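A short write-up of the structure that comes next.
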Amino acid sequence: MAVNSLLVRSYATNIYLTGTTSIEGIIASGRQEYETPVMQHAADKFSRDDIERTAASGWISPERAEATSALKDSEDPQYRSITLSA
């Protein structure tokens, strides 16, 4: 099924900035195809601080916040290369 870009933007805002809906709620409503585009939109448009604040508020899990931040690319001003220490 095609993904509606207006819904992606709305879902991302409602999840990451206001906490009025959740990715789990979107998936439960049968729209699981929106999970990745919503996370990508959040990574592209929202700051790491926004994403971390969302997790701290309990609107998304810490794991989902980390997965969203991992989608940021090197052109993003808040990009941080993830290095694993041994």
Side-chain angles (χ1 to χ4, degrees):
M1 178 176 242
V3 174
N4 181 318
S5 62
L6 292 175
L7 275 178
V8 169
R9 188 174 15 189
S10 178
Y11 285 150
T13 299
N14 290 339
I15 292 165
Y16 288 84
L17 299 183
T18 67
T20 57
T21 193
S22 67
I23 290 179
E24 291 75 14
I26 293 167
I27 293 169
S29 71
R31 295 188 168 185
Q32 51 272 44
E33 69 272 14
Y34 282 86
E35 180 178 11
T36 301
V38 165
M39 289 174 59
Q40 185 64 60
H41 180 82
D44 292 345
K45 302 297 181 188
F46 306 145
S47 70
R48 285 192 179 276
D49 290 341
D50 290 333
I51 295 167
E52 291 169 6
R53 189 173 21 261
T54 300
S57 297
W59 300 340
I60 61 173
S61 68
E63 295 80 16
R64 190 166 312 271
E66 188 173 319
T68 302
S69 292
L71 294 173
K72 289 189 166 291
D73 65 23
S74 60
E75 293 183 19
D76 188 302
Q78 289 199 338
Y79 172 78
R80 292 183 205 139
S81 178
I82 298 173
T83 54
L84 302 175
S85 49

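Along the sequence shown, residues are numbered consecutively beginning with 1. Side-chain atoms are counted along with the backbone in the values below, which use heavy atoms only and exclude waters and symmetry mates. Predicted model, so just to flag it, every value in this text is computed and none were measured.
- Between Ser69 and Arg48, the shortest heavy-atom distance links the atoms CB-NH1, 2.9 Å.
- The distance from atom CZ of Arg53 to atom OG of Ser47, rounded to the nearest 0.5 Å, is 6.0 Å.
- Note that the CG atom of Asn14 and the CH2 atom of Trp59 stand 10.5 Å from one another [nearest 0.5 Å].
- Residue Ala12 comes nearest to Ala42 through the heavy atom pair CB-N, 4.5 Å, listed as atom of the first residue, atom of the second, then distance.
- A heavy-atom distance below 4.5 Å is not found between the side chains of Arg64 and Thr54.
- Closest approach of Leu6 and Asn4 over heavy atoms only: N-OD1, 2.7 Å.
- Within the structure, the ring-ring contact (aromatic ring centres under 6.0 Å, His included) test picks out the following pairs touching residues 2-22 (sequence neighbours left out): Tyr11-Tyr34.
- Side-chain contact between Thr68 and Phe46 is absent, with no heavy atoms from C-beta onward closer than 4.5 Å.
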(message) Apply side chain to side chain contact (heavy atoms under 4.5 Å, CB included) to residues Arg9 and Val38 and explain how you reach the verdict.
(response) CA-CA 7 Å; Arg9 188 174 15 189; Val38 165; over 6 Å; no
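- Atom CD1 of Ile15 and atom CD of Glu24 lie 8.0 Å apart (nearest 0.5 Å).
- Glu35 has its side chain out of reach of Ile26: every pair of non-hydrogen atoms, C-beta onward, lies at least 4.5 Å apart.
- The two residues Gln32 and Ile27 come nearest to each other via the heavy atoms OE1-O, 3.8 Å.
- What you find for Arg31 and Leu7 is that their closest heavy atoms are NH1-CD1, 3.2 Å.
- Closest approach of Ile51 and Ile60 over heavy atoms only: O-CD1, 4.2 Å.
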